[in-house]
Amino acid sequence: LTPDGKIKDLISLKHQRRLTKENQAFNEFLIGEDIPALWDSWDIDYDQQVKMEASAQSVKSEIINQGELHLRIRSEFKIGEASTIKQDIIFYAESARIDFETLVDWNEDHKLLQTSFDLDVFSNSIKCEIPFGYIERPTHNNSLVDRACFEFSQHKYSDISETRFGVAFLNDGKYAIDANGSRVKLSLLKSGGHPDPRGDKGKHFMVYSLLPHDGGLSSEAVIQPAYELNHPPVLLPKENAQINKARFCEVSESNIIVESIKWADDNSGYTLRIYEAEGSATPCQIKLSSAGSAIHECNMLEEELNELEQTEKGITLHFRAFEIKTLKVSL
């Protein structure tokens, strides 16, 4: 930071230029009338796009933390008839990720709230996470099908990338996004009146993040940071510092994700659900700190298919693109 508090060198110059087009929106709040033809609390109709307006009124903005780890800027806005937004924008010293910690006091009827980013990125598609992988959606309106895809579902991340640069959108619970060219909008709140006339009224806390990265979508650049945002580290009291620090499970390849570990349905041991996350066939080694007496590959019903050979390096597996595997460890 410069002495007068201005942001300097927080993000590389290349990323600064690519994060937003000149004179375009960056984290711009949009609000508009939302009365769909059907399913008041679920549907968003095509004409919603022309109803959205940037009408948030800034109340104040101040730097509340300026330390070695991060810079935190707190802003307050009035929006709609009677709603307010308090938001902390956090820039990190050791990461290009920008977090938006947002508290909305929502008091609207039949309104939709979005945040919008105009990026300087060229791509014909955006990759949106679905269970155990991602799906590509168009960023253009070339056909009737494309025009029907004006909003997509996502889970922890969406990513729009060129071959050498990209921007990921991470979130902790806001699962609707749309992309038109390089303008990306994340839906934050909706206030339908049926079946619950209260809609989404009340206070909502949410976190979404903007993450510029080199190259295209990868586990290191996008997928692992998305997991980290949704599963922050667990802090323990100092007296518990002697806890066993051995890794329960070690995987040799970053694109192989251990999604879950649970007790086996037949109570004979525990099971792991593992999948390939980037869409690339990959061999890997998996080493368990508690390998048990036998490890079997199973189907989704945990019915044993074949026993896997254990060596000093663990077990060797080969994953097809987006393949899901279930392992059962007998104890």
Side-chain angles (χ1 to χ4, degrees), residues 36 39 42-46 48-49 97 112 114-117 119 121-188 190 206-231 253-260 273-282 284 300 318-326:
W39 309 110
W42 285 268
D43 280 6
I44 295 177
D45 291 346
Y46 183 78
Q48 186 66 43
Q49 302 167 84
R97 194 178 93 189
L112 177 68
Q114 295 179 320
T115 180
S116 174
F117 295 84
L119 306 173
V121 180
F122 174 78
S123 177
N124 287 323
S125 65
I126 183 171
K127 296 180 175 68
C128 303
E129 190 195 29
I130 59 174
F132 302 101
Y134 64 79
I135 189 169
E136 291 193 54
R137 300 291 193 182
T139 60
H140 51 76
N141 297 324
N142 292 348
S143 68
L144 289 174
V145 173
D146 297 336
R147 286 192 283 277
C149 296
F150 57 89
E151 188 172 61
F152 325 123
S153 63
Q154 61 164 2
H155 281 197
K156 295 183 291 295
Y157 70 83
S158 288
D159 183 83
I160 182 168
S161 294
E162 300 170 1
T163 57
R164 298 192 178 189
F165 176 80
V167 179
F169 292 85
L170 316 181
N171 79 92
D172 70 344
K174 296 301 172 183
Y175 300 139
I177 195 167
D178 73 68
N180 186 0
S182 60
R183 189 185 194 195
V184 180
K185 294 182 289 184
L186 181 68
S187 293
L188 302 179
K190 183 177 169 66
M206 64 202 74
V207 181
Y208 55 92
S209 303
L210 196 68
L211 178 58
H213 57 85
D214 292 327
L217 183 149
S218 68
S219 180
E220 295 91 342
V222 178
I223 300 171
Q224 290 183 9
Y227 271 95
E228 291 166 2
L229 178 68
N230 281 266
H231 301 282
E253 305 300 325
S254 62
N255 60 318
I256 305 302
I257 304 294
V258 180
E259 175 65 25
S260 63
R273 194 88 74 206
I274 309 172
Y275 74 101
E276 194 287 314
E278 291 181 359
S280 178
T282 304
C284 77
M300 288 286 190
H318 186 278
F319 286 80
R320 300 189 305 274
F322 299 127
E323 183 178 7
I324 306 167
K325 288 184 181 293
T326 301

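Every value quoted in this text rests on a predicted model; they were computed, and no experiment measured them.
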Partners of [X] by side-chain contact (heavy atoms from CB on, under 4.5 Å), sequence neighbours excluded?
| X | value |
| --- | --- |
| Thr115 | Asn27, Phe29, Phe117, Leu186, Leu188, Tyr208 |
| His140 | Asn124, Pro138, Asn142, Asp146 |
| Ala168 | Asp159, Leu170, Leu211, His213, Val222 |
| Ser153 | none |

Discussion item. According to ring pair (Phe, Tyr, Trp, His ring centres under 6.0 Å), who are the partners of Tyr134, at least two apart in sequence or on a separate chain?
Written reply: Phe322

Pairing residues for [X] by the salt bridge (Lys or Arg N to Asp or Glu O under 4.0 Å) criterion, not counting sequence neighbours:
| X | result |
| --- | --- |
| Glu136 | none |
| Glu276 | none |
| Arg147 | none |
| Arg137 | none |

I'd like to check the side chain to side chain donor-acceptor pair (under 3.5 Å) partners of [X]; sequence neighbours left out, ordered by chain and number.
| X | value |
| --- | --- |
| Asn171 | none |
| Gln49 | none |
| Glu151 | Ser187 |

Worksheet item: Just wondering, do Leu217 and Ile223 contact through their side chains at under 4.5 Å, heavy atoms?
Response: yes

